[in-house]
Amino acid sequence: MKGMVCLLVAMALVLAGSVSIAAAQAAGLKKGFYKKSCPQAEDIAQKVVWNHVAGNRELAAKFLRMFFHDCFVRGCDASVLLDSPTNTAEKDAPPNLSLAGFEVIDEVKAALERACPGVVSCADIVALAARDSVSFQYGKKLWEVETGRRDGTTSFLQQAFDEIPAPSSTFDILLANFSGKGLGLQDLVVLSGGHTIGIGNCNLFSSRVFNFTGKNNPTDIDPSLNPPYAKFLQGQCRRNLQDPNDNTTVVPMDPGSSTSFDSHYFVNLKARQGMFTSDATLLTNGRAAALVDKLQDNGVFFDHFKNSIKRMGQIDVLTGASGQIRNKCNVVNS
């Protein structure tokens with residue numbers, strides 16, 4: 001018994017040490033980090049991003065997803081932007097093959113390098129691009145972005161494959177994944193609301209609408225789905241009935257408003273119209289389901305989202321003398 005107590009104490013000390021290190025790193029972030037070193041940094045980034053989003057509203061979902069995928073693997077360090085000559089970097093992992101907007105990030109970086117060479121990190125550019133692209137439709141910043149991140153120098157495909165939550169994840173798996181990043185149940189539910197914009201590949205959810213029980217009945221659907229919605233998905237994903245692995249067919253995650261950032265995701269979810277298993281599973285937990293009810297209100301969702309995405313933006317950040325400020329976002333400095 002004494003040995004077990006010692007072990008538990010040791011584990012607690014290790015955990016406390018990890019938390020204190022993470023807190024110290026996050027403390028290196030602050031609003032207006034570039035106020036003196038590059039006072040126009042956020043304006044420059046917003047101008048470039050808004051110019052592109054004006055012509056392609058789907059970029060908002062792309063940048064929001066890029067930020068999420070970056071932070072969940074090695075922390076918010078822009079490792080998702082790094083290229084690999086052997087195709088073994090994070091961006092080469094299956095969950096990241098549908099990411100887009102890298103050329104816009106490069107354009108923002110080039111503009112910032114002209115104005116303030118070697119000052120603004122690619123990690124901060126990713127965070128700013130997520131905020132600015134989503135905010136475009138409202139003509140104002142929906143949340144404040146803490147800055148001061150520095151860039152990582154490594155990127156591994158397998159880590160992305162292991163760390164990014166899968167669309168087939170159950171609630172317990174999702175909660176464990178978020179908890180491992182220092183986020184809680186509320187953050188899990190709130191950040192899932194990002195699915196109010198963007199598209200989903202049929203091959204990631206077709207097993208819910210075709211032969212769900214594996215009894216060779218193509219019309220057999222996941223009973224947690226609203227039947228009319230399931231029928232809609234079947235119609236959109238007919239190609240996957242013949243080829244379950246086909247990844248060319250996509251469907252809006254929030255039909256009718258897939259480029260509008262709002263609380264409609266939670267309205268859909270309450271109506272059992274969550275596209276992925278990872279969406280529908282939020283209703284299987286009492287606390288999460290109660291939060292889904294509250295988040296159907298736009299104002300409540302926005303208030304919660306700005307806090308949750310701030311916490312996500314603090315995951316394992318590099319600050320101070322850690323990492324580097326890359327000259328180009330897709331390669332580490334030589």
Side-chain angles (χ1 to χ4, degrees), residues 58 61-62 64-66 68-69 72-73 80 87-101 156-178 188 191-259 264-265 268-285 288:
E58 293 182 357
K62 302 294 186 183
L64 188 58
R65 188 162 172 256
M66 181 187 290
F68 178 83
H69 283 206
F72 263 63
V73 185
V80 74
N87 297 322
T88 54
E90 288 175 34
K91 64 166 56 173
D92 302 305
N96 287 332
L97 294 179
S98 58
L99 292 182
F156 301 103
L157 181 155
Q158 190 60 47
Q159 287 186 327
F161 195 77
D162 293 339
E163 298 292 330
I164 296 172
S168 59
S169 298
T170 62
F171 184 82
D172 288 343
I173 291 174
L174 287 172
L175 187 59
N177 193 300
F178 273 65
L188 163 59
L191 292 173
S192 293
H195 283 179
T196 191
I197 52 176
I199 54 178
N201 290 75
C202 283
N203 66 306
L204 298 179
F205 62 84
S206 60
S207 62
R208 301 186 69 204
V209 296
F210 296 122
N211 193 27
F212 177 70
T213 59
K215 296 180 179 179
N216 295 319
N217 181 358
T219 61
D220 188 13
I221 66 170
D222 182 342
S224 69
L225 276 172
N226 178 307
Y229 180 61
K231 188 173 182 179
F232 163 75
L233 293 178
Q234 286 178 333
Q236 297 295 306
C237 302
R238 286 187 298 270
R239 185 178 297 179
N240 291 81
L241 183 57
Q242 283 73 41
D243 180 9
N245 295 316
D246 172 68
N247 63 357
T248 60
T249 309
V250 296
V251 183
M253 289 192 284
D254 186 354
S257 64
S258 63
T259 59
H264 200 248
Y265 165 83
N268 285 339
L269 196 56
K270 189 66 176 177
R272 294 163 50 212
Q273 295 178 175
M275 175 176 285
F276 302 117
T277 298
S278 59
D279 296 317
T281 196
L282 298 180
L283 297 180
T284 65
N285 175 273

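Computation of the quantities below employed the complete heavy-atom set of this structure, encompassing side-chain atoms and omitting hydrogens, waters and symmetry-equivalent molecules.
Residue Asp92 holds its CG atom at 6.0 Å from CG of Leu157, rounded to the nearest 0.5 Å. The line from OG1 of Thr259 to CD1 of Ile199 is 11.5 Å long, rounded to the nearest 0.5 Å. We find the CZ-CG distance between Phe171 and Leu283 to be 10.5 Å, quoted to the nearest 0.5 Å. For the atom pair Leu175 CG and Ser169 OG, the distance stands at 11.5 Å (nearest 0.5 Å). One finds the OG atom of Ser168 at 10.5 Å from the CZ atom of Phe276 (value rounded to the nearest 0.5 Å). Put simply, CG on Asn211 and CG on Leu241 are 9.0 Å apart, with the number rounded to the nearest 0.5 Å.
Minimum interatomic distance between Phe205 and Gly200 (heavy atoms only, all atoms of both residues): CE2-O, 4.0 Å. Minimum heavy-atom separation, Lys62 to Ala100: CB-O, 3.7 Å. Looking at every heavy atom in both residues, Leu282 comes nearest to Ala288 through O-CB, 3.2 Å. Here the shortest heavy-atom pairing between Ala93 and Ala160 reads CB-CB, 3.6 Å. Taking all atoms of both residues into account, the shortest heavy-atom contact from Cys237 to Phe210 is O-CE1, 3.3 Å. The shortest non-hydrogen separation linking Asn240 to Cys202 is OD1-CB, 3.1 Å.
The shortest side-chain heavy-atom distance between Pro167 and Met275 does not fall under the 4.5 Å cut-off. In this structure the side chain of Ser278 reaches within 4.5 angstrom of the side chain of Leu174, judged on heavy atoms. Residues Arg65 and Ser98 are in side-chain contact: their nearest non-hydrogen atoms beyond the backbone lie under 4.5 Å apart. Between Leu99 and Lys91, the closest side-chain pair of non-hydrogen atoms is not below 4.5 Å. Residues Leu225 and Val209 form a side-chain contact, since some pair of their non-hydrogen atoms from C-beta on lies under 4.5 Å apart.
For Phe232, the CZ atom counts as densely surrounded, since its 6.0 Å shell holds more than 12 non-hydrogen atoms of other residues, nucleotides or ligands. Within a 6.0 Å sphere centred on CD of Glu58, other residues, nucleotides and ligands contribute 12 heavy atoms or fewer.
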Worksheet item: Thr170 and Thr284: side chain to side chain contact (heavy atoms under 4.5 Å, CB included), yes or no, with the steps?
Response: CA-CA 9 Å; Thr170 62; Thr284 65; over 6 Å; no

Worksheet item: Hey, mind stepping through Asn96 and Ile164 against side chain to side chain contact (heavy atoms under 4.5 Å, CB included) and telling me if it holds?
Response: CA-CA 9 Å; Asn96 287 332; Ile164 296 172; 3.6 Å; yes

Practice prompt. Decide yes or no on side chain to side chain contact (heavy atoms under 4.5 Å, CB included) for Gln234 and Ile221, but give the supporting numbers first.
Written response: CA-CA 9 Å; Gln234 286 178 333; Ile221 66 170; 3.5 Å; yes

Worksheet entry | Candidate pair Tyr229 and Asn268, rule side chain to side chain contact (heavy atoms under 4.5 Å, CB included), full reasoning | CA-CA 10 Å; Tyr229 180 61; Asn268 285 339; over 6 Å; no

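Residue Tyr265 is tested with Asp254, Asp279, Thr196 for a side chain to side chain donor-acceptor pair (under 3.5 Å); the sole match is Asp279.
Without hydrogens or angle criteria, Asn177 side chain to Glu163 main chain gives a donor-acceptor distance under 3.5 Å. Asn201 contributes no side-chain N or O that, together with a main-chain N or O of Val250, makes up a donor-acceptor pair within less than 3.5 Å. A side-chain donor-acceptor contact under 3.5 Å links Arg272 to the backbone of Pro223.
Partners of Gln158 by side-chain hydrogen bond (donor to acceptor under 3.5 Å, both in side chains), not counting sequence neighbours, listed by chain and number: Asp162.
Pairs passing the salt bridge (Lys or Arg N to Asp or Glu O under 4.0 Å) check and including a residue from residues 228-244, sequence neighbours excluded, do not occur.
Relative orientation of the Phe178 and Phe68 rings is tilted, given thresholds of 30° and 60° on the angle between their planes.
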